[in-house]
Amino acid sequence: MMGCTKPDRSEEEQKLKEELQKIAFTTPEKAFAKIDSAERVGLFSTATANLLRTNHYGQIGQTRLAIFYGEQIKNVPELKREGVSYYSALLMLGGWLERNGEYAKVLSLCDDIIADVDNERKQGGGESGISEEVALRVKSRALTLKGSCELSMEHPDKAEHYFLEAIDIMMDGVKHTDDYWVMDAMIIAVGEATEFYLEQGMPQKALSLVAKGDTALARLDRCGELPDLVRQIRHNNIMIAQAMIYAANGQHDKAEALYLKHREAENRKVYDIGADARYLSMTGRYDEAVRLFRQTDSLYLAQGSAITTEYIKHYMMNQYETLQKAGRKDEAQVLSDRMRQLTDSIRIQEWKTDVEQQQEIRQKETEIASRRQSLIIHRIILVAAILICLLIIYFLWRSHQHNKALLEKNRRLLAEIEQREQEQQQSIEQLKAEPQENLTSEQQLFRRICDLMESPDRIYTDADLDRSRLAQLLGTNEHYVTDAISTCTNGKSVNIFLNEYRLRYATRLLATTKDSISLIAELSGFSRSSFFRIFSDAYGMSPSDYRKAARK
């Protein structure tokens with residue numbers, strides 16, 4: 001039975017899909033080029049593009065390529081987010097694997113699909129975002145596919161079990177839906193089960209499927225946006241299937257009424273004419289059946305469809321058996337010879353096509369591997385760039401934290417320095433306040449030294465000022481100067497005493513001017529090389545750090 005694809009609501013995408021369907025057989029190269037282009041510009045997602053590729057390659061008989069593109073979707077779990085397109089592609093992959101006789105792979109794939117959609121149902125749509133009814137639709141189709149494989153492997157009991165389970169989960173789980181694509185799964189399952197019972201010679205079991213077929217059609221008709229063509233096709237499918245069931249069970253009146261109604265139905269396809277031929281053969285009207293089989297053959301070839309092993313099995317073999325039943329042995333022999341020749345020709349062509357497909361697959365695999373490698377490299381570069389940015393941010397943050405901590409530390413040092421200098425200044429002020437007669441000779445000389453240092457001339461900024469020069473300015477002996485400073489400053493040397501005045505002047509310049517540190521060193525009476533060392537030793541920070549702390 002024909003499968004129906006879920007409609008896409010995107011007008012542009014749908015229009016392109018319709019165009020592809022028209023040119024798929026006549027100019028397949030052009031169709032695939034359009035798919036590639038649509039994927040590049042983002043009109044088709046990767047899952048949708050590969051779904052179309054696997055569909056079109058399968059339709060033109062290039063099964064290996066159809067399987068190859070189906071597996072591209074299977075091997076990329078992230079595409080599950082495509083939802084319906086993802087599962088449609090997997091089911092189509094299963095169909096091509098079945099056609100290729102790879103039944104074990106089909107069964108394994110279907111088990112994976114069923115387990116996955118059951119898990120998605122538990123999660124309320126999970127990663128794929130599919131609804132409960134879509135999940136059941138996918139599961140039903142997977143079960144139907146398993147049934148077909150088991151039948152091909154001559155396990156009719158298992159096949160029957162899967163066909164009936166596929167029908168039951170739709171009967172019980174999807175009673176109300178607006179999506180005809182979902183309900184279509186039940187119609188397909190009913191059709192497959194009908195074919196099974198008739199082929200296995202169990203027509204009495206098929207009788208229960210009549211009511212289920214009616215139920216499926218009634219639910220289908222309630223679906224919104226149901227195209228007339230799809231509705232007619234499915235009604236025709238169920239109608240002729242029910243006619244065959246009644247005929248096989250000897251209920252000829254019911255069977256004939258449905259058959260005649262089917263003959264008058266609209267939108268009849270090649271399949272419908274072939275189904276009529278099968279019905280006529282079942283009811284012993286062999287000559288009419290042969291005529292319709294030959295009409296089916298002509299129409300099938302006229303529409304450009306290729307003769308495949310499936311066509312030989314389902315159409316030509318039925319015609320051959322009908323000729324045998326009609327006693328038309330010579331015609332049956334001619335048809336048998338034709339089927340054998342076609343089968344041999346198909347095998348040769350399949351071998352050639354297989355070689356060509358293998359070459360194309362290797363080329364595609366190389367391209368995919370190259371793209372993946374390029375993607376990996378881009379991801380590595382991206383990750384590396386992110387890590388570098390994070391490291392830069394981290395180091396900037398650490399630098400900020402370090403500078404913040406250093407600034408706090410320097411502010412504390414600055415407060416301590418200011419406190420110490422205030423204490424020293426208070427000590428000098430107290431000494432100056434004392435009466436002259438109460439001071440020792442060292443204290444008197446020290447007070448004179450302080451007055452000299454605090455004069456507007458700032459003599460301490462003279463880099464050449466030393467103990468000897470200071471003694472000359474005071475008109476005394478340099479030893480007295482040394483003793484006075486040492487006694488009144490708790491043992492400081494003359495150089496340390498002078499440098500303290502120079503440093504205090506340098507700190508004022510650092511805090512109040514924008515002069516360079518080199519200039520400030522020179523203006524304060526230091527050489528550049530000694531200034532940094534003396535400043536750091538005295539204050540526990542560099543001149544630039546002092547300037548930052550003093551200005552904030």
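Here the shortest heavy-atom pairing between R268 and H262 reads NH1-O, 2.9 Å. Heavy-atom minimum distance, A142 versus I113: CB-CG2, 4.3 Å. The two residues T283 and A247 come nearest to each other via the heavy atoms CG2-CB, 4.0 Å. Looking at every heavy atom in both residues, R222 comes nearest to K175 through NH2-O, 3.3 Å. Residue E256 comes nearest to Y279 through the heavy atom pair OE1-OH, 2.8 Å, listed as atom of the first residue, atom of the second, then distance. The two residues W96 and T54 have their closest heavy-atom pair at NE1-O, 2.9 Å.
A donor-acceptor pair under 3.5 Å is absent between the side-chain atoms of S108 and the main chain of A104, judged by distance alone. Put simply, the side chain of T322 gets close to the backbone of N318: a donor and an acceptor are under 3.5 Å apart. Side-chain atoms of T215 come within 3.5 Å of backbone N or O of A211 as a donor-acceptor pair. For the pair R231 (side chain) and L226 (backbone), a donor-acceptor distance under 3.5 Å is absent. A donor-acceptor pair under 3.5 Å links the side-chain atoms of R99 to the main chain of G58, judged by distance alone. Judged by distance alone, with hydrogens and angles left aside, the side-chain atoms of R53 form no donor-acceptor pair with the main-chain N or O of F68 at under 3.5 Å.
For Q123, the CD atom is densely surrounded, since the number of other residues' heavy atoms within 6.0 Å is greater than 12. Within 6.0 Å of CG on D344 lie more than 12 heavy atoms contributed by other residues, nucleotides or ligands. Within a 6.0 Å radius of NZ in K325, other residues, nucleotides and ligands contribute more than 12 heavy atoms. Counting heavy atoms of neighbouring residues, nucleotides and ligands inside a 6.0 Å radius, atom NZ of K122 does not exceed 12 of them. By the neighbour-count criterion of 12 heavy atoms within 6.0 Å, atom CD of E154 is sparsely surrounded, having that number or fewer from other residues, nucleotides or ligands.
Checked for salt-bridge contact, R291 and D276 miss the test: no charged N lies under 4.0 Å from a carboxylate O. Ion pairing between D337 and R340 holds under the 4.0 Å rule for side-chain N and carboxylate O. Salt-bridge annotation for D118 and R121: present, with a side-chain N of the basic residue lying under 4.0 Å from a carboxylate O of the acidic one. E165 has no carboxylate O lying under 4.0 Å from a charged side-chain N of K146, or vice versa, which leaves the two without a salt bridge. The existence of a salt bridge linking D116 and K80 is confirmed by a sub-4.0 Å separation between a basic side-chain nitrogen and an acidic carboxylate oxygen.
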ask   = Given the rule in the side chain to side chain donor-acceptor pair (under 3.5 Å) test, do D297 and Y311 qualify, once you have shown the distances and angles that lead to the verdict?
value = CA-CA 9 Å; D297 197 29; Y311 180 81; 2.7 Å; yes

task = Under the side-chain contact (heavy atoms from CB on, under 4.5 Å) rule, what do R137 and L91 come out as? Steps first, then yes or no, please.
result = CA-CA 11 Å; R137 190 267 182 195; L91 289 169; 4.0 Å; yes

task = Report the C-alpha distance between L258 and M244 in whole Å, list the side-chain angles of each, state the deciding distance to 0.1 Å, and finish with yes or no for side-chain contact (heavy atoms from CB on, under 4.5 Å).
result = CA-CA 9 Å; L258 288 171; M244 291 182 188; over 6 Å; no

key: Step-by-step side-chain contact (heavy atoms from CB on, under 4.5 Å) determination, L209 to I167   = CA-CA 9 Å; L209 297 177; I167 296 171; 3.7 Å; yes

inquiry  = Quick one, Y103 with E98, criterion side-chain contact (heavy atoms from CB on, under 4.5 Å). Give me CA distance, side-chain angles, the key distance, then yes/no.
reply    = CA-CA 6 Å; Y103 304 126; E98 181 193 17; 4.0 Å; yes

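Of the inter-residue distances, the one linking S140 atom OG with M171 atom CE reads 12.0 Å to the nearest 0.5 angstrom. The distance from atom CD of E71 to atom CG of N50, rounded to the nearest 0.5 Å, is 11.5 Å. Interatomic distance, E39 CD to S45 OG, rounded to the nearest 0.5 Å: 8.0 Å. For the atom pair CG of L198 and NZ of K205, the computed distance is 13.0 Å after rounding to the nearest 0.5 Å. In this structure, CD1 on I188 lies 4.0 Å from CZ on R141, to the nearest 0.5 angstrom. Here CG of L107 is found 5.0 Å from CD of E150. Values are rounded to the nearest 0.5 Å.
Between Y87 and E120 the shortest side-chain heavy-atom distance falls below 4.5 Å. Counting only heavy atoms from C-beta outward, the side chains of Y300 and Y315 never approach each other to under 4.5 Å. At least one side-chain heavy atom of Y259 sits under 4.5 Å from a side-chain heavy atom of L280. T144 is not listed as a side-chain neighbour of Y162, based on a closest heavy-atom distance of 4.5 Å or more. Side-chain contact between Q204 and N249: present, with at least one pair of heavy atoms (C-beta onward) separated by less than 4.5 Å. T194 has its side chain out of reach of Q242: every pair of non-hydrogen atoms, C-beta onward, lies at least 4.5 Å apart. Contact of the H235 side chain with the L217 side chain is registered, since non-hydrogen atoms from C-beta on lie closer than 4.5 Å. Residues T48 and E13 form a side-chain contact, since some pair of their non-hydrogen atoms from C-beta on lies under 4.5 Å apart.
Here the two rings, on Y197 and F163, have centers that are 6.0 Å apart or farther.
Shown here are the salt bridge (Lys or Arg N to Asp or Glu O under 4.0 Å) partners of E133, two or more places apart in sequence or in another chain: there are none.
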